[in-house]
Participant: 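Would you mind keeping the following structure in view while I ask a few things?
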Number of protein chains: 2
Amino acid sequence: MDSPRQPDRPRPVTITDIAALTGVAPSTVSRALTRPARVNQATRERIEAAARELNYVPNSQARALTSGRTRTIAVLVSGVTNPFYFGIIRGTQQELKAAGYAHLLIDVEDSGELETQMLHRMRQSLDGAILAASRLSERELVGLAAEIPLVTINRDARGVPSVVIDTPAGIGQAVEHLISLGHRDIVYVSGPERSWPNEARWHRMRATAASHGLQVRRVGPFPPERPSGTAAADAVVNTGATACIAFNDLLAIGMLTRLRDRGVRVPEDLSVVGCDDIFGADFCNPPLTTLTAPIDQAGRVAVAMLLSGLAERSTPHPPRRCVVLPTHLTVRESTGPAPAGTA
Amino acid sequence: MDSPRQPDRPRPVTITDIAALTGVAPSTVSRALTRPARVNQATRERIEAAARELNYVPNSQARALTSGRTRTIAVLVSGVTNPFYFGIIRGTQQELKAAGYAHLLIDVEDSGELETQMLHRMRQSLDGAILAASRLSERELVGLAAEIPLVTINRDARGVPSVVIDTPAGIGQAVEHLISLGHRDIVYVSGPERSWPNEARWHRMRATAASHGLQVRRVGPFPPERPSGTAAADAVVNTGATACIAFNDLLAIGMLTRLRDRGVRVPEDLSVVGCDDIFGADFCNPPLTTLTAPIDQAGRVAVAMLLSGLAERSTPHPPRRCVVLPTHLTVRESTGPAPAGTA
DNA sequence: CAAAAGTTGGCAAACGATTGCCACCAGATT
DNA sequence: AATCTGGTGGCAATCGTTTGCCAACTTTTG
């Protein structure tokens, strides 16, 4: 084990080197650098100077070994294809960088298996994890949360801190918007059936419609991707409805493309509402009326919650928290008055 | 240091636990798990069974400490806002996951400072890094490459392996396309002046035009973001040109929005070409003619190069490689015949 | 002035794994 | 029968850092 590293790459500087240079013990160097109050100011300054001079960088693996903390947080997303997650990634990245944590990105590709497995395997290298759009059951989630500090996004599970974007509330606004435009026949274009937000959106839509004495229908489920918009659009056209709310913008944008190809005019013949207000929702054709969600903020808040939870460890029972972020309806050009004939 | 970890979180299983359970020495367990040929088959099977039973997961920090390898690769992007990097992130993520490496995401926000600093600080926790869109000078780049294995994307520096997307070749195609449509006055909408691809695109555009006896102009520089499209559009309109090629799609899409607001018809009054074919280029209004770049593939190839370089370490001089990925022009609806009056 | 209290620094034992070296034991070779 | 060889397994050092404990010294206090 003389030199497992490259011959051309110099051995990194260690606290022992600094100790040798300043004539103190390695332990003193360690303390000077991590608990400044623990050593004499003069000694500390000598050590700091030497560290700077040698261009010392602490070895985080070695540090993690004793301290148990790695200053690394994993962010699990399901499919890096979906622009929705870019907000999450951006938000978490910002906040983690600011706090001096590393950002480990994991794509679990919609697989609960992969999700559990990855988290389990990496739990020793992580201080915590953010689960954006978990496919896990409540039981699995709680089990994992016992292994490693967790915060979920858009997935409410008892006992696991979470950030949820209140799209359902926005759905209420969207339904009111459509009803006020004279629509009486509105369908929901469903996303993945086992997705928590999907069900929440559908329930709220039904409830709001019911409070106006209307019934709503549902088509799908469709994978929440652009290509599925084709089938979704066709399905909606077949229902004869005058308006629809899609599970997310990706699906809605896909539908827009198909409707245009079929010669169905939006919003004259059919009004379309999306969810999330992702990149592109404002410049598609026509610009999409959608539920604007504070996606970046969700990522930032999730990180903040996770880190604050890490700080106040070993309290009797960690304060279970759930932050709800509001959404609002952004009206653009994909919604309009109901066609006259059907009023 | 009795128990630095949480009281409620059980101490993870170590090779010592397995050793105790099977009655062998820890070193034997280590060998059974990492060099199966080195131990007797019977012993190995007992150890493997025990490991499985105890649900053993090796501690990667400890492993890294002796081996020097962390199985972690950093991906540096400049601004997670730019959809171009979505592709890079996706591509690298896929390939890294397949190879069993962790994906550390770092946003360096267009700052060369941050880039060097981050890489320098993390070099001991990384097996290598992928630099997408580096702002570093050639000298800095070569210096860093001596510290840690590097592969750059779209940044050609002598001695540093790189993947470059051959957008300049595509620019040639785009210019031919515009000339064949009758355009004689084409301007380049410049991105950041110190960006390597920006200069490469501009040079190729000028060269291609020159070979047809045409001169081209240049406006900018503009930050390669959507909002800058407003200023860019105004600048192009002022030139009186009939066609333009923008540094990237983000800028082009921003221009489209502005042109529409100003009542400038695309492509009737002005043809617009973008670069990259990012998410959204196909559904904006009008759909954008652009240079389709294999972005994901660039990420995948970069990872493959980096990892293969890692494997064949300690060869006298690492084979300097540079992979060039082709692009092609995707014609959509933002380009058309030059206006009659100007022909 | 002695005892108590507070500072400051060093020793050495962890953390969990890897690995060079050696010892032991078969079986093969001479 | 003595030696060699190859296959197995253990010992102990090592990676770089942290931290409990103690010793030495300084300062305060009664």
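Order of the sequence lines fixes the chain letters, A, B, ..., with proteins taken first and strands second; residue numbering starts at 1 for each chain.
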Participant: Take the protein atom CZ of Arg71(A) and the nucleotide atom P of dT18(D), then report the distance between them rounded to whole Å.
Facilitator: 12 Å

Participant: Test side chain to side chain contact (heavy atoms under 4.5 Å, CB included) on Tyr56(A) and Ile18(A) and set out the steps.
Facilitator: CA-CA 8 Å; Tyr56(A) 168 72; Ile18(A) 303 182; 3.6 Å; yes

Participant: Let's go through Tyr101(B) and Thr92(B) carefully: what are the C-alpha distance in whole Å and the side-chain angles of both, what is the deciding distance for side chain to side chain contact (heavy atoms under 4.5 Å, CB included) to 0.1 Å, and is it a yes or a no?
Facilitator: CA-CA 10 Å; Tyr101(B) 276 74; Thr92(B) 51; over 6 Å; no

Participant: Starting from the first five and the last five pairs of the helix from dC1(C)-dG30(D) to dT30(C)-dA1(D), work out the angle between the resulting helix axes, to 10 degrees.
Facilitator: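 Helix axis angle between the two ends: 50°.
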
Participant: Take the protein atom CD1 of Ile18(A) and the nucleotide atom P of dT18(D), then report the distance between them rounded to whole Å.
Facilitator: 11 Å

Participant: Looking only at heavy atoms, which two atoms of Arg46(B) and Thr22(B) are closest? And how far apart?
Facilitator: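 Here Arg46(B) and Thr22(B) meet closest at NH1-O, 2.8 Å.
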
Participant: Under a 4.0 Å threshold between the charged nitrogen and the carboxylate oxygen, would Arg135(B) count as salt-bridged to Glu113(B)?
Facilitator: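 Salt bridge: no.
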
Participant: Stepwise, does the side chain to side chain contact (heavy atoms under 4.5 Å, CB included) test hold for Val301(A) with Val303(A)?
Facilitator: CA-CA 5 Å; Val301(A) 170; Val303(A) 168; over 6 Å; no

Participant: Give the rounded distance in Å between these two atoms: CZ of Arg46(A) and C1' of dG9(C).
Facilitator: 11 Å

Participant: How long is the line joining CZ of Arg63(B) and C1' of dT14(D), in whole Å?
Facilitator: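 Distance, rounded to whole Å: 17 Å.
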
Participant: Distance check needed: dG16(C) P versus Gln124(A) CD, whole Å only.
Facilitator: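 Taking atom P of dG16(C) as the reference, CD of Gln124(A) is at 8 Å.
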
Participant: Rounded to the Å, how far apart are Arg11(A) CZ and dC15(D) C1'?
Facilitator: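 Roughly 11 Å, once rounded to whole Å.
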
Participant: If the condition is salt bridge (charged side-chain N to carboxylate O under 4.0 Å, His left out), which residues does Asp127(A) pass it with, not counting sequence neighbours?
Facilitator: none

Participant: Where the side chain of Ile15(B) is defined as all heavy atoms beyond and including C-beta, which of dC15(D), dA17(C), dT17(D) is the nearest nucleotide?
Facilitator: dA17(C)

Participant: Taking all heavy atoms of Thr81(A) and all of Arg90(B), pick out the closest pair and write down the distance.
Facilitator: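 Reported closest heavy-atom pair: CA-NH1, 3.1 Å.
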
Participant: How close or far is atom P of dG16(C) from atom CG of Leu54(B), stated in whole angstroms?
Facilitator: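 The answer, rounded to whole Å, is 14 Å.
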
Participant: So which of residues 25-45 of chain A are in contact with DNA chain C, with a heavy-atom cut-off of under 4.0 Å?
Facilitator: Ala25(A), Ser27(A), Thr28(A), Arg31(A), Arg38(A), Val39(A), Asn40(A), Thr43(A)

Participant: Of Ala62(B) and Gly23(B), whose closest DNA chain D nucleotide lies nearer the 5' terminus?
Facilitator: Gly23(B)

Participant: Just checking, any donor-acceptor pair under 3.5 angstrom between side chains of Gln93(B) and Asp107(A)?
Facilitator: no

Participant: Would you check if there is a donor-acceptor pair between the side chains of Ser125(A) and Arg71(B) at a distance under 3.5 Å?
Facilitator: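 There is no such pair (donor and acceptor under 3.5 Å, judged by atom type) between the side chains of Arg71(B) and Ser125(A).
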
Participant: What is the separation between atom CG on Asn59(B) and atom P on dG16(C), rounded to the nearest whole Å?
Facilitator: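 To the nearest whole Å, that distance equals 7 Å.
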
